[in-house]
2 protein chains.
Amino acid sequence: MDVQPRRNTTQKRVILHSVEQLGCHPTAVQIYNAVREMLPRTSLSTVYRNLGILVDQGRIKAVKGTGSEIHYDHNTGEHNHIECTICGRVCDVHVNPVNIETLNPETVSNFIVLEVHMNIIGICPECAEH
Amino acid sequence: MDVQPRRNTTQKRVILHSVEQLGCHPTAVQIYNAVREMLPRTSLSTVYRNLGILVDQGRIKAVKGTGSEIHYDHNTGEHNHIECTICGRVCDVHVNPVNIETLNPETVSNFIVLEVHMNIIGICPECAEH
DNA sequence: ATTCGTAATAAGAACTATTCCTATTATAAA
DNA sequence: TTTATAATAGGAATAGTTCTTATTACGAAT
């Protein structure tokens, strides 16, 4: 729970930069490939460790789609995601957020509601036109 | 894409029965443990294979939470899920479904919207009272 | 600038959840 | 019954992620 000292390493900077550059919610391996174009000796575990640190620091978000890989999102603001069933791409979506206050406690099994995530599944424009 | 003949085996019946009995969205391993109390020689791969068949047949649903395991749900009707951040339990929730028609195509990046899933994160009543 | 403690790294082993493989078993049709 | 083959048990293989350890390099204090 206490904050460790953090060094500002080249790898960390390039990893964050790659998440931002790749844009559309890359996976760890996609980030790894991008990073290795600039720093060819970077290891996958370094990518995973730094992604974990960046998530802990709230500088990026980890996003789960329908697949088994974790996607990383540099957009830390409130938004939802839409995933293409065909190509697997994950995009940002701005739907009116569900107001937690409006959820009747009875309907949510008397849980204390913390977050409401909306995941939309669909077909992206590119895949829609074959 | 053609339908294979399916045999009605004891294992398949006990696996479906366990998903129903365990109720609150068990994982494959939880189902495996329950099944082995009745059929001690059942293997984990048999559990996975039959869960896959049951999902394909629409008799149960596969549900992903925040964790890495897949949960199985005998409630095949339209509903959403709420997950406790503390104990990890996944429960059914009946929130007014999001009407796909009301989603502005612009706001959903011009995707063809197929499904809208709402995942709620919270604290369950048991965990709330320490 | 140089030294030095230690955070971060590279490389790969280990782990976890799931899927696949294969010889054997058992269902149900003939 | 017999028989063809779907389903099984057991375990190997895979995929994605996390962990381990000797080595490297950041940056604070000389």
Side-chain angles (χ1 to χ4, degrees), chain A residues 2-19 22 25-57 59-73 83 88 90, chain B residues 2-19 22 25-57 59-73 83 88 90:
Chain A
D2 53 340
V3 179
Q4 296 92 335
R6 293 292 182 200
R7 289 180 181 169
N8 182 19
T9 63
T10 314
Q11 283 87 344
K12 186 177 296 173
R13 261 180 282 113
V14 172
I15 288 167
L16 178 56
H17 179 257
S18 295
V19 177
L22 290 169
H25 310 77
T27 62
V29 170
Q30 290 172 328
I31 296 160
Y32 169 72
N33 290 331
V35 168
R36 280 176 74 96
E37 288 186 9
M38 308 184 75
L39 299 173
R41 291 181 47 74
T42 305
S43 73
L44 186 54
S45 52
T46 293
V47 171
Y48 273 110
R49 181 166 22 74
N50 279 298
L51 288 172
I53 290 168
L54 292 167
V55 169
D56 287 347
Q57 295 178 336
R59 301 220 267 165
I60 62 175
K61 273 177 155 179
V63 176
K64 291 189 140 191
T66 52
S68 51
E69 313 93 327
I70 297 171
H71 296 255
Y72 295 90
D73 187 352
E83 178 175 345
V90 175
Chain B
D2 52 340
V3 179
Q4 296 93 336
R6 293 292 183 201
R7 290 182 180 166
N8 183 17
T9 63
T10 314
Q11 283 87 345
K12 186 178 296 173
R13 263 180 281 113
V14 172
I15 288 167
L16 178 56
H17 179 257
S18 296
V19 177
L22 290 168
H25 311 76
T27 63
V29 169
Q30 290 171 327
I31 296 160
Y32 169 71
N33 290 330
V35 168
R36 280 176 74 96
E37 288 186 8
M38 307 184 76
L39 300 173
R41 290 180 48 73
T42 304
S43 72
L44 186 54
S45 53
T46 293
V47 172
Y48 272 110
R49 182 168 20 74
N50 279 297
L51 288 172
I53 291 168
L54 292 167
V55 168
D56 287 348
Q57 294 179 336
R59 302 220 267 164
I60 62 175
K61 274 178 155 178
V63 176
K64 291 189 140 191
T66 53
S68 51
E69 313 93 330
I70 298 172
H71 296 255
Y72 295 90
D73 186 353
E83 179 176 345
V90 174

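All of these numbers come straight from a predicted model, not from anything done at the bench. Below, chains carry the letters A, B, ... as their sequence lines are ordered, and counting in each starts from 1.
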message: Can you see if the side chain of A:Gln11 gets near the phosphate of C:dA10 - specifically, an N or O under 4.0 Å from OP1 or OP2?
response: yes
Quick one: closest heavy-atom pair of [X] and [Y], and the distance?
X       : Y       : result
B:Gln30 : B:His25 : OE1-O, 4.4 Å
B:Ala34 : B:Leu22 : CB-CD1, 3.8 Å
A:Val55 : A:Lys61 : CG2-C, 4.4 Å
A:Tyr32 : A:Ser43 : CE1-C, 3.7 Å

Report each atom pair, protein N/O against N/O of nucleotides 27-30 of chain D, whose distance is under 3.5 angstrom.
{"from": "D:dG27", "atom 1": "OP1", "to": "A:Asn8", "atom 2": "N", "distance (Å)": "3.1"}

Using residues 11-18 of chain B as the side-chain source, report each donor-acceptor pair under 3.5 Å to any protein atom, sequence neighbours left out, with the distance given to one decimal.
{"from": "B:Lys12", "atom 1": "NZ", "to": "B:Arg7", "atom 2": "O", "distance (Å)": "3.2"}
{"from": "B:Arg13", "atom 1": "NE", "to": "B:Asn8", "atom 2": "OD1", "distance (Å)": "3.3"}
{"from": "B:Ser18", "atom 1": "OG", "to": "B:Val14", "atom 2": "O", "distance (Å)": "2.9"}

Provide a list of protein-nucleic acid N or O atom pairs under 3.5 angstrom, restricted to nucleotides 18-22 of chain D.
none

message: My understanding is that only residues two or more places apart in sequence, or in another chain, count here; which of them pass side chain to side chain contact (heavy atoms under 4.5 Å, CB included) with A:Ile70?
response: A:Ala62, A:Tyr72
How close or far is atom [atom2] of [N] from atom [atom1] of [X], stated in whole angstroms?
X       : N      : atom1 : atom2 : value
A:Lys64 : D:dT17 : NZ    : C1'   : 11 Å
B:Arg13 : C:dA26 : CZ    : P     : 14 Å
A:Ile53 : C:dT9  : CD1   : C1'   : 11 Å
A:Lys12 : D:dT24 : NZ    : C1'   : 16 Å

query: So which of residues 30-42 of chain B are in contact with DNA chain D, with a heavy-atom cut-off of under 4.0 Å?
result: B:Arg41, B:Thr42
From C:dA11, D:dG16, D:dT17, nucleotide with atom closest to A:Ser68 side chain: D:dG16
field: B:Lys64 side, atom NZ; B:Glu69 side, atom CD - distance, nearest 0.5 Å
entry: 11.0 Å
field: Option passing side chain to side chain contact (heavy atoms under 4.5 Å, CB included) with A:Pro26 (candidates A:Ile31, A:Val90, A:Asn33)
entry: A:Ile31
- request: Pick out which of B:Asp73, B:Leu51, B:Ile53, B:Asn50 makes a side chain to side chain contact (heavy atoms under 4.5 Å, CB included) with B:Ile60.
  value: B:Leu51
message: Using five base pairs at each end to define the local axes, how bent is the helix from C:dA1-D:dT30 to C:dA30-D:dT1, to the nearest 10°?
response: 30°
